[in-house]
Every structure is written in structure tokens, then in C-alpha cells.
Amino acid sequence: MCVGLPARVVSVNDGTAIIDANGAKRDVRAELLDDLEPGDYVMVHAGVAIAKIESDDETEGNEVMGILAI
Amino acid sequence: MNDIIERARDIITGYDGPKVRIMEVCGTHTHEIFRLGIRSLLPENIDLISGPGCPVCVTPVGFIDEAIYLANEKNCLITTFGDLIKVPGTEMNLAKARANGAKIRPVYSPDDAVEIARENPSEEVVFLSVGFETTTPSSCLAVKKAKDLGLKNFSILTANKSMPNAYLKLKGSANAFIYPGHVNAITGNAFCRQLKDLGVSGVVAGFTATELMTALAVTIEMLKKGEPFFVNCYPRVVKDEGSIQAQKLMDEVMELCDTQWRGLGTIEKSGMKLKNEFSDFDSRIKYNIPHIEGKPNPGCRCGEVLQGHCKPSDCPLFGKICTPLHAVGACMVSDEGACSAYYQYNSSINN
Ligand code: SF4
């Protein structure tokens, strides 16, 4: 139940979004996120999009290690 | 393997300082770390221990007993995340209750439970609401939806947990925590900074190989410096302020309460229950559930496992009497439980 599902937003309509997670499409609640647009990536938990995913993990890793100079 | 993983691996495998204990709090982290083979990289002086970050594992036995009471005595239709179905209650689990005729139905989300209530007006539908800050917003949304729809046959049995005070209880069990990324995605990082001021160190981590390796390498580097620290290693998802909308929603529908954790006992203000305005949707109030004191199997060491005091393999029942098919404790049932991770990836255990 706790595994987050990363997914791409296909469409957004009135607090609901259709998402595509590895080819599987489903409706999720999207009212916790502002300005969601098709093409955005989100993290889904128990049928709710809880956060936007803003970059890939390598860019992130470089940033984090860069800031700490390690 | 990418460049970051290589750099991180060099830092981790090259660590030659004093022995450190790092606790990965989240059950999904425990599983991913095993699955990716990260444990086998660790030198002897890095001890990775599993914490209480699996909501199914920390749900006390009495909660399952309450659900069975509602199914058997009040003829309710129980809807639940599938993970809870095999968690042992005092006398039986929900699977056994179902075999005996109780109405138990797994759902993917609390919204699905609301839908079942709408489609079946003659059934009294109860949703078993477990989870940390990550999942609690979905229960809050479902309750609001049920209220908007005017449903009289839907309620939730809450065992929702809030992490911050649990960390305080665990203070001293590890040199640093790997915080669960998706809890922080909701709560933000303020409480981690407060913990740092109290001398509790940690990093927030994501779930990919790159993210977990980065988080471990950063933890090692920061531990070497010897000062309490906090680093957000998952900024692509976790914002410092968290999700304001989710925080507002939880604030509107639920409030903190003292609650019991399997193995950790009662922790002040570490649970979430419905506010008075939503009491019509609170199964405990609606069905006047008597106090039920669950009795865990005395042989199960889940409590110690959840606090990092022992490894699953130290439990005498592990792998012999207790297996995922015949689980004695919750930590063996849940896909995110530490005992099930140790069992599933047994071959890669080397520390
Ligand atoms: S192996 Fe089974 S009995 Fe032992 S602590 Fe884990 S869940 Fe409990």
C-alpha cells in the first residue's frame, strides 16, 4: 500500500487526472496539486497524486552531491 | 551503473571510521535496499537497521480485532488495503474471518470504498484507514466525498499514524535515520530540522538505486563530520514546505491523538483521528466499539525488530514457524515488513 507509483499525467479535469504508469492508465485525485498539466510527472499514493516529480534522479544526485561538495 | 552510483559506492565501501548504525525507517526502503543488493556492499562498520516505517507492521493486534468485531457483530462490509488481510489478530486474521463468512473486500484506495458504499446502500461499509502522512490525505478526501454525497453507510476505522513523535521515541537507536521520502513530501522538512536541533540526524531519501546510494553516501560523509545534520536528498519530489494542500486537508478533517504502535507502545500525539465535525464517519463512535485489548503472539519479536533492537533473523520463529505464507507477526505479512524482506532476500544477507 505504501509503494509510490511514478506516472505521467495524460489529462487533467476538475480535480481528477488520468495518469499513465508504464502503459497502465487510471484516474487519480489531483486536487492536492496546483497547475498540473499534461506531460507532468507525479507520484501517486492510494489513488491520490501527492507530489510533482521535478527532474530525474541523476540530475538530483549531482545536485545533492554538488551542494555538499562530495 | 551511472557516475553518481559509482561515486557513492566508493564513499560507502571506503568508509573506515567507527561503527555506525543507520536506520532506514521506511519499509519500502528496506525492500528496495535488499532488492538492489545494496546491503552486500556495506563494510562491516556500517550497520543498516530497519525501523517502524511500515504502517501495516505498526498497526496493533487490537485494530484487527476491532475490524473483525465490526464484521461479525455489526455485519459491516469491511474494505481494506490488501496488505492488512493476513495480519494476525488475537484469534484470527481477516482472511480467516472471511473464510468464516465475514464480508471483507480489498480495495486500491479509500475512494473505491466510498464507491462501494454508494453502490450498496443496504451495506454498512467500513474502510480500515491505516497509513502515515503519505496515505492519510487519501482517507481525508474519501471522508469529505462521503459527506458531500450524504452517505450514511460509510465510515472509517482509523489507525493513521504521524511520524515525528515516533522518531523522538527512537532517538538513540541509530546514529542517523533515512527518512521516508513520501512522508516528507507531505509534511515538509521542518520537523527534521527540529530533530536535528535535538541531536537527531538524518537524510530524506528517494527510492531509486541512485537515490538510495546518494542518501547513504551523504549520510556517511555527514557522520564523519561528527555534527548533527539534516539533508534533503530527494529534492525532485520533497519540497521544504511539503504539500500545503495536503496539510490543510488533514488539518480540516483529522487531529492528532495518542496512539498505540505495535512494539513501541503508546506514543503521545502520534496518531490521527477524525475531528468532531466528521464523527458520523468514525466507525468507533458510530458502532460504539468496546475497548478491545489485542494479544500479540508472545513468541513474536516484531516489537524489537521495529525498534532496530534485533534483526528478523534473530527471532527464533523466523523462517521456521513464521514465513510469509504462515506469518506469526505483522512484519512477516506486509510486503514492506522487515521480516518479509529478510525472508525474501535471504541469500543476499551478509550483515
Ligand atoms: S519472524 Fe515472525 S515471529 Fe519473528 S519477529 Fe518477525 S514477524 Fe514476528
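Reminder, nothing fancy here: chain letters follow the sequence lines and each chain counts from 1.
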Discussion item. Need one label for B/M222: side chain, backbone, both or neither, based on atoms under 4.5 Å from any heavy atom in chain A.
Written reply: side chain
Practice prompt. State the CD-CG distance between B/Q245 and A/D34, to the nearest 0.5 angstrom.
Written response: 4.5 Å
Discussion item. Quick check with a 6.0 Å cut-off and a 45 degree axis cone: is A/R26 positioned over the face of B/Y108's six-membered ring?
Written reply: yes
Practice prompt. List the atom of A/A51, the atom of B/V237, and the distance in Å for their closest heavy-atom pair.
Written response: CB-CG1, 3.8 Å
Worksheet item: Hey, is CG on B/D148 packed in by over 12 heavy atoms from elsewhere, all under 6.0 Å?
Response: yes
Discussion item. Could you measure the distance from the CZ atom of B/R7 to the CG atom of A/N62? Nearest 0.5 Å is fine.
Written reply: 5.5 Å
Worksheet, complete the sentence: If one checks every heavy atom of B/V130 against chain A at 4.5 Å, the contacting part turns out to be both
Worksheet entry | CG on A/D56 to OG1 on B/T210, rounded to 0.5 Å | 8.5 Å
Item to complete: For each of B/H182, B/E211, B/E221, tally heavy-atom pairs with chain A at distances under 4.5 Å, and name the one with the top tally.
Response: B/H182
Discussion item. Return the CG to SG distance between A/D57 and B/C233, rounded to the nearest 0.5 Å.
Written reply: 12.5 Å
Item to complete: Take atom NZ of B/K224 as the centre, draw a 6.0 Å sphere, and report whether it contains more than 12 heavy atoms from other residues, nucleotides or ligands.
Response: yes
Worksheet, complete the sentence: If one checks every heavy atom of A/E60 against chain B at 4.5 Å, the contacting part turns out to be side chain
Discussion item. Less than 4.5 Å to any heavy atom of chain A: does that hold for the side chain of B/A8, its backbone, both, or neither?
Written reply: both
Worksheet item: Looking at B/L84, B/T208, B/I244, which has the largest count of heavy-atom pairs under 4.5 Å with chain A?
Response: B/T208
Discussion item. What I'd like to find out is whether the side chain of A/V3 reaches to under 4.5 Å of the side chain of B/H31, using heavy atoms alone.
Written reply: no
Practice prompt. With a 4.5 angstrom heavy-atom cut-off, could you sort out which part of B/F207 is near chain A: side chain, backbone, both or neither?
Written response: neither
Discussion item. I'd like to check B/K145 versus A/R29 (side-chain heavy atoms, cut-off strictly below 4.5 Å). Are they in contact?
Written reply: yes
Worksheet item: Below 4.0 angstrom, N of the basic side chain to O of the carboxylate: do B/K239 and A/E54 qualify?
Response: yes
Fill in: B/S243 vs A/I50 side-chain heavy atoms within contact, under 4.5 Å
no
Discussion item. Distance check, rounded to the nearest 0.5 Å: A/M65 atom CE versus B/I4 atom CD1?
Written reply: 6.5 Å
Worksheet item: Measuring from A/H45:NE2 to B/S109:OG, what's the distance to the nearest 0.5 Å?
Response: 13.5 Å
Worksheet item: Within a radius of less than 6.0 Å around NZ of A/K52, do more than 12 heavy atoms belonging to other residues, nucleotides or ligands occur?
Response: yes
Discussion item. Does any backbone or side-chain atom of B/N232 lie under 4.5 Å from a heavy atom of chain A? Answer side chain, backbone, both or neither.
Written reply: backbone
Response to the item:
If one checks every heavy atom of B/P137 against chain A at 4.5 Å, the contacting part turns out to be side chain
Discussion item. If the test is side-chain contact (heavy atoms from CB on, under 4.5 Å), which one of B/D111, B/L249, B/L141, B/T134 qualifies with A/V48?
Written reply: B/L141
